[in-house]
Amino acid sequence: MTTTTTIMAEEQPAPKRDVQNHHLFECAWEVANKVGGIYTVISTKVPVTIAEYGDRYTLVGPLTNKLAMEVRVLDPVDPVVATVLEAMHSHGVKCLYGRWLIEDKPQVLLFDVGSCSHRLDEWKGDLWNLAGISTPLHDAETNNVILFGYLMTWFLGEYASRQLDTAIVVHFHEWQAGVTIPICRKRQIDVMTVFTTHATLLGRYLCAGSVDFYNNLRYFDVNHEAGKRGIYHRYCVERTSAHCADVFTTVSHITVLEAEYLLKRRPDGVVPNGLNINKFQRRHEHESENLYAIARAKIHGFMRGHFYGHYDFDLENTLYIFTAVRYEYRNKGLNYRLKRSDSKTTVVAFIMPASTNSYTIEAFKGQALVRQLQETVTEIQKRIGDCLLDHALRFHSEGKLEVAPSDLLSSEDQMLLKQRISALKRTSLPPFVTHNMMDDANDPILNRIRRVKLFNSHEDRVKIVFHPDFLTSSNPILGLDYEEFVRGCHLGVFTSYYEPRRYTPAECTVMGIPSITTNLSGFGCFIQDTIKRPEDEGCYIIDRRTNSFEQSVSQLTDCLEGFCNKTWRQRADQRSRMESLSLLDWKILGVEYTKSRPLALRRAYPDAFLVTDGESGEEDPFIAVVIHRSFPLRPSPPFSSS
Ligand SMILES: O=c1ccn([C@@H]2O[C@H](COP(=O)(O)OP(=O)(O)O[C@H]3O[C@H](CO)[C@@H](O)[C@H](O)[C@H]3O)[C@@H](O)[C@H]2O)c(=O)[nH]1
């Protein structure tokens, strides 16, 4: 790799731009494109950013779906943007400009990378010449990343040369948006750049390979490791972006250390992920309880269909526990413990998502049979109602009410019910997976379930529903959006090894759903640092740092068992306490994003920040306020990475 120092800035002229009223562009692959956590970051942060910038704020991303359902197409508010886009259009560049249809409807610009694919070779050559990064021919994702990076650079170059009044800050998220940063540097485009990494590429790859990551962090031969995994070119883009940005940030203290060792630049600060709490907060406790009840009733409906023929447990005494996003599964022994203690509680463990082909016939069949039964019961109910009404009217005229059960339930209806009930007989056990998997025989989760024989048998107190797909309300099997599903569950479990930050437990918290996480996740560390007794607030944190793997598992099982043994009242109390947790609000956490921008401007335009009379000149106020804390790694903790 040509190190980033070789492409660092040559002297930049210092234009007289208005720094105070600077424009902000925020650039990410997940703008109006729901893929994962970064979509949540940028979409939920919009209200606080709009409050600060108004129409001086624009989000930029690739046009991944030509229909772009989330965007209303409009003309640009800023005439300079309109001129630049026209100029680019005259060279064949297609884009979509408009308002992203989320809260506060921010301006959004999406570039169609396909419209410039004929320039790929030219731009790849340029990336090699300018940044020393060579990229392989057939990595389609990287090719798109390069096309997008060059379109963004083109746009910024044109914009900065025509809009000379105010300073321009561009905030980039993750390596997919990073190519623009070194190119802007090299071409001396007058924009300030902030780069945020939400996880490192090498971190993800190394942890997926079960290495003892945190204990070896400082010893990895990064170039060798990246090369071995076929991601050297991507790693170069990520590392160069981190080095060339004016300000480099990450999402948690644990990732600061990771970035320092793997990307070789210590982040300037931590920009923690927040949530838009307004969306979740309810005025009254009963309003929340209603939402839980509606969501839970939908999950109950799914359960009746999925477990038909073996529906021999009480849904009112059933706990729904789920895990989402990370592809890891470990048996924690809860089934054994609940059986041993003769527990009457049933626990349903939901696991999601993964790569799948389609739903299994069994998954559809159960839901269809129960729907038919429901329809039959509704029809019969109607007929019974009509019959009762008829008798009651006669009682009024004849003075006596004599209704025999046989009058109410006709032999035809009895027959129909029997038919429906006999269709529910089933010789096989309820399936533990709802979909046909791409690679059933080698799927690690399926194989674990098979190995520990969690087959949803009558005796099992822990039942498994592996739903390896994203949830949507149009889902034919489990028709809930992810958020509604979470609300209907009792507990979220997010204990994976590699977790730079993790949104899922934070989302549980603001919805009043308890969760289990670990002190190896950014979220777990944040909660431990900010709340005295997290478990009282429903945030259970497992020690994966100083414990051995077995000790962590045992702590987790204790925690799960303790949760199962709580009373309904104790769980409801915990819920109401949690929803008041507002420390995850962007209104508080967004401040760190706000601090990163003046820091970038200050580095580029030191003159604009000259000390005035009466101010202390000893300290850089922006650098001072950006948090610099190291993750306290304990010496060689004896934990296994598996
Ligand atoms: O069926 C589902 C399952 C999940 N989600 C959402 O997907 C997001 C997942 O976020 P996260 O768990 O944080 O995972 P990543 O996508 O891997 O995000 C990366 O970036 C995040 C944002 O900084 C960090 O929190 C993570 O640690 C980092 O790995 C959450 O908002 C969920 O609500 C859905 O919408 N539907």
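This structure is a prediction, so every number in the text was calculated from the model and none was measured. Order of listing sets the numbers, starting from 1, for every ligand and every atom in it.
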statement: So the atoms of ligand 1 within less than 4.0 Å of a heavy atom of Gly36 turn out to be 8 (C), 16 (O)
field: Modelled atom types, side-chain donor and acceptor of Tyr292 and His490, under 3.5 Å
entry: no
- prompt: Are Arg501 and Phe526 in a cation-pi contact, defined as NZ or CZ under 6.0 Å from the six-membered ring centre and within 45° of the axis?
  reply: yes
message: Between ligand 1 and Glu507, is the shortest N or O to N or O distance under 3.5 Å?
response: yes
query: Is the closest heavy-atom distance from Lys34 to ligand 1 below 4.0 Å?
result: yes
message: Heavy atoms only, cut-off 4.0 Å: how does Phe470 contact ligand 1, side chain, backbone, both, or neither?
response: both
- prompt: In terms of atom number and element, which parts of ligand 1 are under 4.0 angstrom from non-hydrogen atoms of Val41?
  reply: 22 (C), 23 (O)
task: Quick one: list whatever passes side chain to side chain contact (heavy atoms under 4.5 Å, CB included) with Thr193, sequence neighbours left out.
output: Phe172, Ile181, Val191, Ala245, Asp246
message: So if I count the atoms of ligand 1 from 1 in the order they appear, which ones are less than 4.0 Å from some heavy atom of Arg502?
response: 12 (O), 13 (O), 24 (C), 25 (O), 26 (C), 27 (O)
statement: His198 heavy atoms within 4.0 Å reach ligand 1 at atoms 20 (O), 22 (C), 23 (O), 28 (C)
Flag for Glu52-Tyr593: side-chain donor and acceptor within less than 3.5 Å: no
task: Say whether Arg204 and ligand 1 are in contact under the criterion: heavy-atom distance to a ligand atom below 4.0 Å.
output: yes
message: Could you check whether Lys463 makes a cation-pi contact with Phe432, meaning its NZ or CZ is under 6.0 Å from the centre of the six-membered ring and within 45° of the ring axis?
response: no
- prompt: Tyr482 ring centre to Arg487 NZ or CZ under 6.0 Å, with the angle to the axis within 45°?
  reply: no
message: If the cut-off is 4.0 Å to any non-hydrogen atom of Val251, which atoms of ligand 1 fall inside it?
response: 23 (O)
field: Selected option - heavy-atom contact closest to atom 22 (C) of ligand 1, from Leu480, Val271, Asn273, Val486
entry: Asn273
- prompt: Any N or O of Arg501 that comes nearer than 3.5 Å to an N or O of ligand 1?
  reply: yes
message: For a quick check under 3.5 Å, do Tyr235 and Arg239 share a side-chain donor-acceptor pair by atom type?
response: yes
- prompt: What atoms of ligand 1 come closer than 4.0 angstrom to any heavy atom of Leu471?
  reply: 1 (O)
- request: Kindly indicate, with the supporting measurements, whether the criterion ring pair (Phe, Tyr, Trp, His ring centres under 6.0 Å) is fulfilled by His300 and Tyr320.
  value: CA-CA 10 Å; His300 283 348; Tyr320 298 134; 5.7 Å; yes
